[in-house]
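On a predicted model such as this, the values are computed, not experimentally measured, just so you know.
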Amino acid sequence: FHAQIPEWEIIDVGGVPQLRHTFAFPDFAEAIAFTDEVGALAEEEGHHPAILTEYGKVTVTWYTHKINGLHVNDFIMAARSDQLQ
């Protein structure tokens with residue numbers, strides 16, 4: 001599934017594989033608006049990422065806590081996150 005979202009990197013955090021991508025924005029207002037959209041998507045699906053919002057960028061990290069790793073749903077949610085921008 002990773003080939004379908006090539007801009008996302010697979011990282012290892014304490015032995016737990018995770019999908020991470022940083023989205024760029026021209027200012028904080030657009031970054032926070034995107035954060036809100038990702039948050040709404042997460043609530044809708046009942047699957048919640050780690051989100052770091054900074055001036056001009058938002059880093060989103062998806063993984064499944066229950067299995068301490070990546071599930072097909074993480075790849076789906078990453079692709080859906082891409083569609084929000």
Colleague: Do His65 and His47 have side chains that get closer than 4.5 Å, going by heavy atoms?
Modeller: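 Of all side-chain heavy-atom pairs linking His47 with His65, none is under 4.5 Å.
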Colleague: If Ile, Leu, Val, Met, Phe, Trp and Tyr residues are connected whenever their side-chain heavy atoms lie under 4.5 Å apart, and connections chain through other members, are Ile11 and Ile67 in the same group?
Modeller: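 As far as the 4.5 Å side-chain criterion goes, Ile67 and Ile11 are not connected within one cluster.
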Colleague: Considering only heavy atoms from C-beta outward, does the side chain of Leu41 approach that of Met77 to under 4.5 Å?
Modeller: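 Sidechains of Met77 and Leu41: in contact.
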Colleague: Between atom CD1 of Ile76 and atom CD of Glu45, what is the distance when rounded to the nearest 0.5 Å?
Modeller: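 Going from CD1 on Ile76 over to CD on Glu45, the span is 9.0 Å.
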Colleague: Write down the atom of Pro6, the atom of Ala3, and the distance for their closest heavy-atom approach.
Modeller: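 In this case the closest contact between Pro6 and Ala3 is CD-O, 3.5 Å.
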Colleague: Can you list the residues that meet the side-chain hydrogen bond (donor to acceptor under 3.5 Å, both in side chains) rule with Glu43, with sequence neighbours excluded?
Modeller: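 With sequence neighbours excluded, Glu43 shows a side-chain hydrogen bond (donor to acceptor under 3.5 Å, both in side chains) to His48, given in chain and number order.
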Colleague: Which value, rounded to the nearest 0.5 Å, describes the distance between Leu19 atom CG and Asp74 atom CG?
Modeller: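 Here the rounded value is 6.0 Å.
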Colleague: Residues in side-chain hydrogen bond (donor to acceptor under 3.5 Å, both in side chains) with His21, at least two apart?
Modeller: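 Scan of His21 (side-chain hydrogen bond (donor to acceptor under 3.5 Å, both in side chains), adjacent residues dropped) gives none.
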Colleague: Flag the pair Leu52 / Lys57 as yes when at least one side-chain heavy-atom distance between them is below 4.5 Å, and no otherwise.
Modeller: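 No, too far: nothing below the 4.5 Å cut-off.
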Colleague: Taking the side chain as everything from C-beta on, heavy atoms only, tell me whether Ile51 gets closer than 4.5 Å to Thr53.
Modeller: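 Result yes, sub-4.5 Å side-chain heavy-atom pair found.
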Colleague: Restricting to non-hydrogen atoms, name the atom on Ala78 and the atom on Ile5 that form the minimum distance, rounded to 0.1 Å.
Modeller: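 In this case the closest contact between Ala78 and Ile5 is CB-CD1, 3.6 Å.
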Colleague: Kindly indicate whether the side chain of Glu37, heavy atoms from C-beta on, has any atom under 4.5 Å from the side chain of Gln85.
Modeller: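 Side chain of Glu37 against side chain of Gln85, heavy atoms only: no contact under 4.5 Å found.
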Colleague: Say you draw a straight line from CZ of Arg80 to CG of Asn73; how long is it, rounded to the nearest 0.5 Å?
Modeller: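 So the gap between those two atoms works out to 9.0 Å.
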Colleague: Got a sec, which residues hit side chain to side chain contact (heavy atoms under 4.5 Å, CB included) with Asp36, two or more places apart in sequence or on another chain?
Modeller: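 Result, side chain to side chain contact (heavy atoms under 4.5 Å, CB included) vs Asp36: none returned.
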Colleague: Counting only heavy atoms not in Glu44, do more than 12 fall under 6.0 Å of its CD?
Modeller: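 Above 12, so yes.
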Colleague: Is it true that a side-chain atom of Glu9 and a backbone atom of Gln18 form a donor plus acceptor pair closer than 3.5 Å?
Modeller: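 No, because the side chain of Glu9 does not come within donor-acceptor range (under 3.5 Å) of the backbone of Gln18.
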Colleague: Restricting to non-hydrogen atoms, name the atom on Trp62 and the atom on Ser81 that form the minimum distance, rounded to 0.1 Å.
Modeller: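 Heavy-atom minimum between the residues: NE1-OG, 3.2 Å.
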Colleague: Can you see which heavy atom on Pro49 is nearest to which on Val38, and at what distance?
Modeller: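 For Pro49 and Val38, the tightest heavy-atom pair comes out as CG-CG1, 4.0 Å.
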Colleague: Considering residues at least two apart in sequence or located in another chain, which fulfil the salt bridge (Lys or Arg N to Asp or Glu O under 4.0 Å) criterion with Glu30?
Modeller: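 None.
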Colleague: With a 4.5 Å limit on heavy-atom distance, are the side chains of Ile10 and Leu70 in contact?
Modeller: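 Side chain of Ile10 against side chain of Leu70, heavy atoms only: contact under 4.5 Å found.
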Colleague: Report the residues that fulfil ring pair (Phe, Tyr, Trp, His ring centres under 6.0 Å) with Phe34, sequence neighbours left out, ordered by chain and then residue number.
Modeller: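 Checked Phe34 against ring pair (Phe, Tyr, Trp, His ring centres under 6.0 Å); matches are Phe23, Phe25.
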Colleague: Over 60° means perpendicular and under 30° means parallel, so tell me whether Phe1 and Phe75 are parallel, tilted or perpendicular.
Modeller: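 Geometry flag for Phe75 against Phe1: tilted rings.
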Colleague: Report the residues that fulfil side-chain hydrogen bond (donor to acceptor under 3.5 Å, both in side chains) with Asp82, sequence neighbours left out, ordered by chain and then residue number.
Modeller: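 Listed in chain order: Trp8.
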